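Working notes, structure below.
Here the structure is a predicted model, which means the values were calculated and not measured. Counting starts at 1 for both ligands and their atoms, in listed order. All heavy atoms count here, side chains included; hydrogens, waters and symmetry mates do not.
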Amino acid sequence: MNDVLPRRAHLITLEGGEGAGKSTALATVRDCLQAAGCTLVVSREPGGTPLAEQLRAMVLHSSRQDDADERLHPSAELLMVFAARAQHVAEVINPALQRGDWVLCDRFTDSSFAYQGGGRGLPVDWIADLERRVVGFVPGLTLWLDVPVALGRSRVQGRGGVPDAIEREHDAFFERVHAGFAARVAADPQRFVRIDASVPLEQMVAEVTRAVNAYLAQVRR
Ligand code: Z5A
């Protein structure tokens with residue numbers, strides 16, 4: 001499915017469940033790329049442009065509580081993350097790649113397969129179709145920060161604040177998300193590097209650094 005879409009070597013994405021340590025990994029990848037002299041755009045999904053950030057707020061802060069008058073339907077959620085992505089790809093990612101810059105993105109299309117496909121149970125072929133029509137390419141490298149659901153959730157529990165629409169979901173949802181990521185990795189093992197995110201942060205940082213430097217060496221060969 002994925003293998004028919006071209007890769008964009010200068011696009012690196014980070015994926016993972018809650019509490020996987022994406023913030024630390026993002027800073028690590030950014031540092032590696034900058035140390036190698038790469039001109040870099042750092043972005044995130046959903047979001048990355050003013051309009052896409054508005055869509056992000058609508059998706060994450062919509063009421064999915066049981067007592068809400070109107071819930072965001074899973075297919076509406078999928079279309080909204082892809083609407084945000086369409087904007088982000090057109091306004092930020094494509095122009096940066098065309099300039100020859102690097103793009104580092106905190107989450108990308110794999111999150112839609114994991115959350116809306118795995119978590120919400122929407123058909124994977126819908127998502128693949130949207131990916132093909134709206135995006136048309138896959139990253140050159142995707143780091144999957146793999147952490148067991150219970151450990152990841154325990155890390156973010158003390159964070160405070162009002163949980164968003166996805167954070168309010170139950171463990172079973174996050175187990176399906178995890179399985180969704182694992183299926184993506186299994187389907188495209190050359191693009192993904194699995195990072196063990198259950199280890200102490202310094203160890204995770206070392207693993208991320210190794211993976212990015214190996215990738216840079218391969219791309220620049
Ligand atoms: N979403 C979607 O549904 N469909 C889509 O297509 C896309 C996204 C693109 C927002 O993403 C939501 O959007 C996300 C999926 C959905 N929902 N969820 N859940 P986000 O990336 O903005 O939100 P997030 O996943 O909740 O990010 P996060 O909580 O910031 O995760 P994190 O970056 O992995 O967590 P962290 O801040 O780096 O770490 C959390 C804490 O754990 C922190 O105190 C760390 O110090 C600690 N930590 C992390 N790693 C370690 C290790 N190794 N040891 C010890 N402590 C650690």
Report the residues that fulfil side chain to side chain donor-acceptor pair (under 3.5 Å) with [X], sequence neighbours left out, ordered by chain and then residue number.
X      : answer
Thr13  : Thr142
Arg194 : Asp146
Thr24  : none

Verify same cluster id: Leu33, Val208 (apolar side-chain graph, 4.5 Å)
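In one cluster: yes.
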
Every pair of nitrogen or oxygen atoms between ligand 1 and the protein that is under 3.5 angstrom apart - can you list them with their distances to 0.1 Å?
{"unit_1": "ligand 1", "atom_1": "3 (O)", "unit_2": "Gln116", "atom_2": "NE2", "d": "2.9"}
{"unit_1": "ligand 1", "atom_1": "4 (N)", "unit_2": "Gln116", "atom_2": "OE1", "d": "2.9"}
{"unit_1": "ligand 1", "atom_1": "6 (O)", "unit_2": "Arg85", "atom_2": "NH2", "d": "3.1"}
{"unit_1": "ligand 1", "atom_1": "6 (O)", "unit_2": "Ser112", "atom_2": "N", "d": "3.2"}
{"unit_1": "ligand 1", "atom_1": "6 (O)", "unit_2": "Ser112", "atom_2": "OG", "d": "2.6"}
{"unit_1": "ligand 1", "atom_1": "11 (O)", "unit_2": "Arg107", "atom_2": "NE", "d": "3.1"}
{"unit_1": "ligand 1", "atom_1": "21 (O)", "unit_2": "Lys22", "atom_2": "NZ", "d": "2.6"}
{"unit_1": "ligand 1", "atom_1": "21 (O)", "unit_2": "Arg107", "atom_2": "NE", "d": "2.7"}
{"unit_1": "ligand 1", "atom_1": "22 (O)", "unit_2": "Arg56", "atom_2": "NH2", "d": "2.7"}
{"unit_1": "ligand 1", "atom_1": "25 (O)", "unit_2": "Arg107", "atom_2": "NH2", "d": "2.4"}
{"unit_1": "ligand 1", "atom_1": "29 (O)", "unit_2": "Arg159", "atom_2": "NH1", "d": "3.1"}
{"unit_1": "ligand 1", "atom_1": "29 (O)", "unit_2": "Arg159", "atom_2": "NH2", "d": "2.6"}
{"unit_1": "ligand 1", "atom_1": "33 (O)", "unit_2": "Lys22", "atom_2": "N", "d": "3.2"}
{"unit_1": "ligand 1", "atom_1": "33 (O)", "unit_2": "Ser23", "atom_2": "N", "d": "3.2"}
{"unit_1": "ligand 1", "atom_1": "33 (O)", "unit_2": "Ser23", "atom_2": "OG", "d": "3.3"}
{"unit_1": "ligand 1", "atom_1": "34 (O)", "unit_2": "Ala20", "atom_2": "N", "d": "3.0"}
{"unit_1": "ligand 1", "atom_1": "34 (O)", "unit_2": "Gly21", "atom_2": "N", "d": "2.8"}
{"unit_1": "ligand 1", "atom_1": "34 (O)", "unit_2": "Lys22", "atom_2": "N", "d": "2.9"}
{"unit_1": "ligand 1", "atom_1": "37 (O)", "unit_2": "Ser23", "atom_2": "OG", "d": "3.2"}
{"unit_1": "ligand 1", "atom_1": "38 (O)", "unit_2": "Lys22", "atom_2": "N", "d": "3.3"}
{"unit_1": "ligand 1", "atom_1": "38 (O)", "unit_2": "Ser23", "atom_2": "N", "d": "3.1"}
{"unit_1": "ligand 1", "atom_1": "38 (O)", "unit_2": "Ser23", "atom_2": "OG", "d": "3.1"}
{"unit_1": "ligand 1", "atom_1": "50 (N)", "unit_2": "Arg155", "atom_2": "NH1", "d": "3.3"}
{"unit_1": "ligand 1", "atom_1": "53 (N)", "unit_2": "Arg155", "atom_2": "NH2", "d": "3.2"}
{"unit_1": "ligand 1", "atom_1": "53 (N)", "unit_2": "Val199", "atom_2": "O", "d": "2.7"}

In terms of heavy-atom contacts, does CZ of Arg133 have more than 12 from other residues, nucleotides or ligands at under 6.0 Å?
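No, CZ of Arg133 has 12 or fewer neighbouring heavy atoms, counting only those of other groups under 6.0 Å.
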
Relative to each other, are the rings of Tyr215 and Trp102 parallel, tilted or perpendicular (30° and 60° limits)?
perpendicular

